[in-house]
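Some notes on the structure that comes next.
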Amino acid sequence: MSVAENTGESSHLTVVTPKEALQRARPLPSDDDMVIEGLTDDEWDAFEQALSDR
């Protein structure tokens with residue numbers, strides 16, 4: 001397996017309290033903003049399958 005590293009960025013995990021997590025939370029985009037136009041049913045099924053395989 002090949003791996004490409006981005007040496008310009010440092011990755012880290014930030015742990016916050018539940019209260020702070022709620023303060024940082026943002027609303028999801030509307031359904032209209034999340035639409036992927038032009039997908040066939042087969043492409044949508046493949047997309048959903050890829051998400052469930054993760």
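Quick note: residue numbers are just sequence positions, from 1. Values below: all heavy atoms of this structure, side chains included; hydrogens, waters and symmetry mates excluded.
Of the candidates D45, D41, T40, E43 forms a side-chain contact (heavy atoms from CB on, under 4.5 Å) with just one, namely T40.
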N/O donor to acceptor pairs below 3.5 angstrom from side-chain atoms of residues 26-36, sequence neighbours left out:
residue: R26; atom: NH1; partner: R24; partner atom: O; Å: 3.0
residue: S30; atom: OG; partner: D33; partner atom: N; Å: 3.2
residue: S30; atom: OG; partner: D33; partner atom: OD2; Å: 3.3

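Note that the OG1 atom of T17 and the CD atom of Q23 stand 7.0 Å from one another [nearest 0.5 Å].
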